[in-house]
Amino acid sequence: MLGKLKELWQSSDFARENLNFRETVGLLLEKYGYDRDTLLLGKEISCPELISDFEEAVKGEPFGYILGKVPFFKENFFVEEGVLIPRCDSEVLVEKAIELIPKNAVFADICTGSGCLGISVLKERPDLKAILLDISPIAKRVCEKNISSLGVADRCSFIQFDLFNDTLPQCSAILMNPPYITKEEMKKLPRNVMREPALALDGGEDGLDFYRYAASSKDFKNKLLIFEIGYMQGIALRELFGGGDIVPDLSGNDRVFILQ
Ligand code: GLN
């Protein structure tokens, strides 16, 4: 079977840019209950499901969707087609939120998707409560699954929420990782990102639709704001809100906007 997988791998221009062969095979072996190194140590197995997952991966299906879960910050989060896959770039936002949200506060996590930001903060800060909000019914199902599997159901709830039309519930801090990809960038996304929901990526013409609305809404006034932003949006955010700080991610790109 290893030979077949290597052949698939080599015939694809995609896999090599995004995934490492050994890790890919290892994670799929684990998914089907085998020891990570089984095949790589030369033991033969027959697992047609593993081959078909592998085929999907080299065709560009995001690996998180194939496995059904992804590690983020300190936990594993369930994901499925229709919610954005958590990125390690977002972990710096979690760190800032843990540091800055005042004691015993209630915070909102808007565009929560899988719930990875808000739930990660709650796990580290037992004094806090949260409202996790997203417009998508798939996000609702996946986020509620993560809320209960990660044991934070007593301190948070999910609300289906349309930022542009609904009123935000009472809270004193707001986390938000909204769609922020520009119209031009949306046309050139890597193949795997194209399989993720446009609803979670498409931020309008200049990618700033959600931030522009937030800057004009009274729901966002006098609150601690911690937003994820695109790597070229720092200056625009500071202009929209008339100030604020920008924090880079681990790759050194602008990633988080903070207004205190
Ligand atoms: N960081 C994501 C990406 O580059 C985008 C997430 C978002 O639009 N909020 O694909």
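One-based numbering, in listed order, for ligands and for the atoms of each. By convention here, the first residue in the shown sequence is residue 1.
Between Glu7 and Lys4 no salt bridge is recorded (no basic side-chain N to carboxylate O distance below 4.0 Å).
Residue Pro178 has at least one heavy-atom neighbour below 4.0 Å for each of these atoms of ligand 1: 7 (C), 8 (O), 9 (N). Under a 4.0 Å criterion applied to the non-hydrogen atoms of Pro179, ligand 1 contributes the atoms 8 (O). Within ligand 1, counting atoms from 1 as listed, the ones closer than 4.0 Å to a heavy atom of Leu201 are 5 (C), 8 (O), 10 (O).
Between the side chains of Tyr231 and Asp89, no donor-acceptor pair is found at a separation under 3.5 Å.
To the nearest 0.5 Å, atom CZ of residue Phe107 and atom CG of residue Leu225 are 14.0 Å apart. If you take CD on Glu196 and CG on Leu84, they are separated by 5.0 Å, rounding to the nearest 0.5 Å.
Between Phe54 and Trp9, the ring-plane angle classifies as tilted under the 30° and 60° cut-offs. In this pair, Phe241 and Phe257 present their aromatic rings tilted. The plane angle is within the 30 to 60° band.
With hydrogens and angles ignored, the 3.5 Å screen pairs no side-chain donor or acceptor of Arg195 with any backbone N or O of Tyr65. Looking at Asp134, its side chain does come within 3.5 Å of a backbone N or O of Gly113 through a donor-acceptor pair.
Residue contacts with ligand 1, taken as heavy atom pairs separated by less than 4.0 Å, do not involve Ser90 at all. Contact annotation: for Cys111 versus ligand 1, there are no heavy atoms closer than 4.0 Å.
Residue-ligand proximity: Ala200 is placed with a non-hydrogen atom under 4.0 Å from ligand 1. Remark: distances from the non-hydrogen atoms of Asp89 to ligand 1 are all 4.0 Å or more.
The shortest contact between atom 10 (O) of ligand 1 and any protein heavy atom is with Arg87 NH2, 2.7 Å. The protein non-hydrogen atom at the shortest distance from atom 8 (O) of ligand 1 is Tyr180 N, 3.1 Å. Nearest to atom 4 (O) of ligand 1 among the protein's heavy atoms is Ile181 CD1, 4.3 Å.
Here's the thing with Val193: none of its N/O atoms is less than 3.5 angstrom from an N/O atom of ligand 1. Considering backbone and side-chain N/O of Arg255, none are found under 3.5 Å from N/O of ligand 1.
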